[in-house]
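Written out below as structure tokens is the structure these notes cover.
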Amino acid sequence: VHRLITYIFIYEDLISLTCGAVIIWYFAGSFEKNVGTAKHCCLTTAFAVLSALLYLLLEPLVSTVWEVGDAKGFMPVAFATLGVSTTRSRMRRTVVFGLRVPVVLVPWFLLCIAWFIPHSSILVNLCGLLVGEAYGLRYCFCLDFPESVSSKLDQVFPFTLLKRVPGLKYIPGSLAERRASESSKINPVPGTYPTQSYYCPSPQAPPASQMLQPNAWSQGFHHSCAPG
């Protein structure tokens, strides 16, 4: 039973480990920023277990048609998070390798590319994508716990310990706290911006012919140093 979750930590070589690290950093990192660290950990476990159960259900049927690889690596969970992001995205189209494609087709396009990654099972990746899209379409509503629960999870172990780990960025479960942290980066404390001094050259002494016209000289200096 423990293999329903531990298979996401199994890699056979350095290439698959590198691909898994890139996928975790890119897809799982962006998903964590949207839901918070606590909810991300819970959904990672749920996506891993549901993808494995769906794989075990489909594997006897698919294995009669072609050889099915073993379930291993974090890629099924990554496809689940990608399926959630694309189904709930407000964007209609995006750019992939210079081509504008519908957002809903992006996971399926990447699923075809993942076929060429060494030791990658197309079936378990497909199961992860189906689980993620089912969650994104709110068919797995039991997994979508409210924000108040995420805020409470931030105050219990082991998430309180994760906040104290140096070098680890913890994303709070409250949307207001996430927006506050982002706005603090966009609007820093006054005085933290670098300043620049602007030089306005002092007016030269007017010719003797203009000394008798002080109003004209003062208007000319006013326009030369006007803002902009």
Side-chain angles (χ1 to χ4, degrees), residues 1-64 66-85 107 110-111 113-136 139-145 149-150 152-154 156-171 173:
V1 175
H2 70 277
R3 293 183 61 187
L4 293 176
I5 183 64
T6 56
Y7 73 94
I8 64 176
F9 304 107
I10 298 176
Y11 297 93
E12 291 191 355
D13 52 23
L14 184 60
I15 297 178
S16 59
L17 177 61
T18 304
C19 293
V22 172
I23 290 172
I24 292 173
W25 170 76
Y26 188 79
F27 292 106
S30 60
F31 185 74
E32 181 183 0
K33 292 179 181 178
N34 294 328
V35 300
T37 301
K39 190 173 184 177
H40 168 69
C41 293
C42 296
L43 290 178
T44 296
T45 304
F47 289 160
V49 172
L50 292 177
S51 301
L53 291 176
L54 185 59
Y55 170 83
L56 293 176
L57 179 64
L58 298 179
E59 192 269 340
L61 302 176
V62 179
S63 60
T64 59
W66 77 79
E67 184 179 358
V68 178
D70 296 333
K72 62 185 67 174
F74 191 81
M75 200 173 299
V77 181
F79 273 104
T81 58
L82 181 60
V84 176
S85 302
L110 296 179
L111 184 65
I113 298 178
W115 200 323
F116 300 97
I117 297 179
H119 307 291
S120 175
S121 173
I122 188 66
L123 179 59
V124 70
N125 294 336
L126 175 62
C127 293
L129 179 57
L130 294 177
V131 169
E133 294 199 345
Y135 176 83
Y139 290 116
C140 303
F141 57 90
C142 57
L143 301 178
D144 200 5
F145 51 85
V149 178
S150 300
K152 292 180 180 179
L153 289 176
D154 291 337
V156 300
F157 183 84
F159 303 109
T160 54
L161 181 62
L162 291 178
K163 296 180 180 179
R164 303 176 182 177
V165 177
L168 180 64
K169 182 180 179 181
Y170 188 90
I171 309 298

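Sequential numbering from 1 along the given sequence is applied to the chain's residues. What you are looking at is a predicted structure, and each value in this text was computed from that prediction instead of being measured.
Judged purely by atom type and a 3.5 angstrom limit, Ser51 has no side-chain atom pairing as donor or acceptor with the backbone of Ala48. The main-chain N or O of Trp115 is never found under 3.5 Å from a side-chain atom of Ser120 such that the two would form a donor-acceptor pair.
Between Ser121 and Tyr55 there is a side-chain heavy-atom pair separated by less than 4.5 Å. Using a 4.5 Å heavy-atom cutoff, the side chains of Leu50 and Leu143 are in contact. Using a 4.5 Å heavy-atom cutoff, the side chains of Leu110 and Phe79 are in contact. A 4.5 Å side-chain heavy-atom check between Arg3 and Thr6 finds at least one atom pair inside the cut-off. Counting heavy atoms from C-beta outward, Phe31 and Thr44 have side chains that stay 4.5 Å or more apart. At least one side-chain heavy atom of Leu14 sits under 4.5 Å from a side-chain heavy atom of Thr18. The closest side-chain heavy-atom distance from Leu56 to Leu4 is below 4.5 Å.
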### Query
Going through the distances and angles, do Cys41 and Leu153 end up as a side-chain contact (heavy atoms from CB on, under 4.5 Å)?
CA-CA 11 Å; Cys41 293; Leu153 289 176; over 6 Å; no
### Task
Show your reasoning for whether side-chain contact (heavy atoms from CB on, under 4.5 Å) applies to Leu111 and Ile122.
CA-CA 8 Å; Leu111 184 65; Ile122 188 66; 3.7 Å; yes
### Task
Dump the intermediate steps for side-chain contact (heavy atoms from CB on, under 4.5 Å) on Val35 and Val84, then the final yes or no.
CA-CA 11 Å; Val35 300; Val84 176; over 6 Å; no
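Taken from CD1 in Ile113 to CG in Asn125, the straight-line distance is 12.5 Å, to the nearest 0.5 Å. Annotation: the span from Thr45 atom OG1 to Ile8 atom CD1 amounts to 7.0 Å, rounded to 0.5 Å. The structure places OG1 of Thr37 at 9.5 Å from NZ of Lys169, a figure rounded to the nearest 0.5 Å. The distance from atom CG of Leu17 to atom CZ of Phe9, rounded to the nearest 0.5 Å, is 12.5 Å.
Contacts of Phe47 classified as ring pair (Phe, Tyr, Trp, His ring centres under 6.0 Å), with partners at least two apart in sequence or in another chain: Tyr135. The side chain to side chain donor-acceptor pair (under 3.5 Å) check on Ser16 picks up Asp13, with sequence neighbours excluded.
Considering every non-hydrogen atom in both Phe159 and Ala38, the closest pair reads CE2-CA, 3.6 Å. Closest heavy-atom contact between Leu129 and Gly83: CD1-CA, 4.0 Å. The minimum heavy-atom distance linking Leu82 with Pro107 is given by the pair CD2-CA, 3.8 Å. In plain terms, the two heavy atoms of Met75 and Ala114 that are nearest each other are SD-CB, 3.7 Å.
In summary, of the residues considered (Lys163, Glu32, Arg164), a side chain to side chain contact (heavy atoms under 4.5 Å, CB included) with Tyr170 occurs for Lys163 alone.
Annotation for Ile15: atom CD1 does not count as buried by contact number, only 12 or fewer foreign heavy atoms lying within 6.0 Å.
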